[in-house]
Amino acid sequence: MTKSLRKKLTISYIIISLFSVLLIAIISNFVLEVQFREYVKKNIVNKSEEIVSSIEKNYFNGSWNVFAIENIGVKALENGMIIKVVDNDGNVIWDAKQYNSGQCQNMITHYSSNMMRRYPNFKGEFKEDVHRAEYNSKKIAEVHIGYYGPYYFTDNDILFLNTLNGAIIVVSILTIAISILLGRLISNRISSPIVKVSKSANKISEGEYEKIEIVSDIGEIDELINSINNLSEKLKNQEYLRKRLTQDVAHELRTPLSTLKSHIEAMIDGIWEPSKDRLKSCLEEAERLNGLVGDIYKLTKYENEEKLNLTRFNLGELLQNIIMNFEKSMIDKGLLVITDIKDVYIYADRDKIAQAIINLISNAVKFSKKGGKIIISTVQSEKNIKVFIKDEGIGISQKDLPYIFERFYRADESRNRDTGGAGIGLSITKSIIDLHKGDITVKSKQNEGSEFIITIPIMHE
Ligand code: ADP
């Protein structure tokens, strides 16, 4: 069963804190009790020694200060110790049991019940230690000290232990409560951006390309947000390209297809004789359609393909080769080509750059007037290489100039129909130059000519 991240985090937080609090409570309780028992045992020994030494102080030259000894005995009795002092001749100087046997009995029962309540398996019994009392290093008496052994807790001891345990319990409960709160807080901080990201991702899959605006202070989540935003941006772009392409293609195909259709219909209906010329014009339309489909294929390829096959090559040499391939059509049109091309090695996609330049030179040839001039030159700077392709052809009007890189855009429809172009060449060129992070600009004047300038970075990062 899947649980939410928030639940999982909170539960694990609680488990960890419960476990550690319990462990700390048990260990500290155990250590404290052991230490306390040791302290109580030592205390009995210390108190016994104190009693013996105070009794010794009340002997002087063979006689006892019985009154003082009784004081000592009564005080000891209050602290749970039953004293009996017997001199060398076996005479009892003071005996707590004789003094108050009832109190002695009560006291032993009280401490036994104290111990049994705390440790139900406690094995205790009345114990009596015999100590030597000395005067000038000679034995003067035996001091019998009886108590509930091996050790006992007074009421104050029990109170102290209970307070300690209570404090440990309160601290444990507080710690658990705080950790539950902290757990919820932290898991909220982690899970709420994730929930938002997943909601946005769902929206993206439904075609709502919105940008996730939240910022997370968790590095990984921030990265996730950035990736989703990038993905959304790219999808949006793709979607736009796809829609536009379908629209443009439908629009472009409609005209030649309807011409073809009406021509064929007219021939079938017997309105037109299916003469060789008419069939030829039908074939031309079909060929135009074929060319258009080929161009569309190229365009989608370049617009969608973001991977460049980068190699180092001589751009000057490439330009010369391309110009050579145009030689025949240039001669046919009586064009003069002037070149000023330098050798320069660039790091780029050779085939794509060739395609971009072919399109520009092909336009220059296509739109040149018979006997015109085409000037092709390069200028190199530190980071870029500029290629200039200038013709003295028909030029482009100011109103068309901003649109010529748009797909299927042709300045002066009717005139361009004759040149056979579909208005895709410059779109392809621009896509290729954009892919190389380069730039393409145009200067043109109607009836005077045009100049296309492409700038390509020498090194592609
Ligand atoms: P096409 O396939 O029609 O040549 P392009 O995208 O290459 O499509 O060019 C778009 C339009 O820009 C052309 O139809 C033409 O009107 C204009 N154009 C492009 N290059 C030149 C040029 N060198 N001289 C004059 N007009 C040009």
Side-chain angles (χ1 to χ4, degrees), residues 241 244-245 247-249 251-256 284-285 287-303 319 322-323 325-326 329-330 332-339 352-377 386-435 438-455:
L241 285 178
R244 250 201 66 185
L245 187 68
Q247 261 172 22
D248 292 350
V249 167
H251 182 254
E252 281 306 307
L253 290 180
R254 189 174 293 134
T255 328
E284 264 169 30
E285 285 301 320
E287 266 165 3
R288 199 198 299 280
L289 274 171
N290 200 27
L292 183 65
V293 172
D295 280 351
I296 291 166
Y297 172 72
K298 265 192 219 156
L299 181 68
T300 43
K301 202 172 130 211
Y302 288 122
E303 278 187 344
L319 274 167
I322 294 170
I323 294 165
N325 289 339
F326 274 99
S329 45
M330 286 173 178
D332 284 350
K333 240 181 155 176
L335 300 175
L336 172 68
V337 190
I338 302 165
T339 59
K352 290 197 176 83
I353 293 287
Q355 180 66 59
I357 291 165
I358 288 169
N359 291 350
L360 294 180
I361 297 181
S362 139
N363 277 349
V365 174
K366 202 157 62 177
F367 297 108
S368 276
K369 294 167 194 160
K370 274 200 162 105
K373 228 192 281 166
I374 293 178
I375 306 162
I376 298 170
S377 57
K386 280 184 194 292
V387 180
F388 297 79
I389 295 159
K390 192 174 184 318
D391 64 64
E392 292 177 341
I394 59 169
I396 305 159
S397 73
Q398 291 306 304
K399 104 177 148 43
D400 290 322
L401 212 50
Y403 306 107
I404 52 160
F405 294 109
E406 299 259 327
R407 307 151 159 191
F408 301 108
Y409 191 86
R410 289 176 297 236
D412 195 350
E413 279 280 322
S414 57
R415 188 187 59 189
N416 276 301
R417 266 204 162 264
D418 305 334
T419 60
I424 290 179
L426 285 180
S427 308
I428 292 176
T429 301
K430 187 167 167 29
S431 296
I432 293 171
I433 301 303
D434 285 348
L435 279 178
D439 189 36
I440 178 160
T441 53
V442 58
K443 289 182 209 158
S444 185
K445 233 180 178 175
Q446 218 163 4
N447 290 321
E448 284 182 22
S450 319
E451 182 176 32
F452 284 85
I453 305 155
I454 54 176
T455 310

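Worth saying up front: this structure is predicted, and the values here are computed from it rather than measured. We count ligands from 1, going down the list as the structure has it; atoms in each ligand are counted the same way.
- Every atom of ligand 1 with a heavy atom of K366 under 4.0 Å away is listed here by number and element: 1 (P), 2 (O), 4 (O).
- Partners of N359 according to the side-chain hydrogen bond (donor to acceptor under 3.5 Å, both in side chains) rule, which considers only residues two or more places apart in sequence or in another chain, are Q355, T429.
- Other residues, nucleotides and ligands contribute over 12 non-hydrogen atoms within 6.0 Å of the NZ atom of K369.
- At under 3.5 Å, a nitrogen or oxygen of G425, whether backbone or side chain, sits near a nitrogen or oxygen of ligand 1.
- Of all the atoms in ligand 1, the ones that sit under 4.0 Å from a non-hydrogen atom of I404 are 10 (C), 12 (O).
- The shortest separation from a heavy atom of S450 to ligand 1 is under 4.0 Å, placing the residue in contact.
- When atom types are taken as modelled, the side chain of E448 and the backbone of G393 share no donor-acceptor pair closer than 3.5 angstrom.
- Residue contacts with ligand 1 for D400 are absent, since no atom lies close enough (heavy atoms, distance under 4.0 Å).
- With hydrogens and angles ignored, the 3.5 Å screen pairs no side-chain donor or acceptor of S377 with any backbone N or O of T339.
- In this structure, F405 falls outside the shell of residues with a heavy atom less than 4.0 angstrom from ligand 1.
- Side chain of S450 to main chain of E392: no donor-acceptor pair is present (N/O by atom type, distance under 3.5 Å, no hydrogens or angles).
- Using a distance-only test at 3.5 Å, with no hydrogens or angles considered, no donor-acceptor pair links the side chain of K333 to the main chain of G372.
- Looking at D295, I396, I374 and measuring to atom 26 (N) of ligand 1, the nearest heavy atom belongs to I396.
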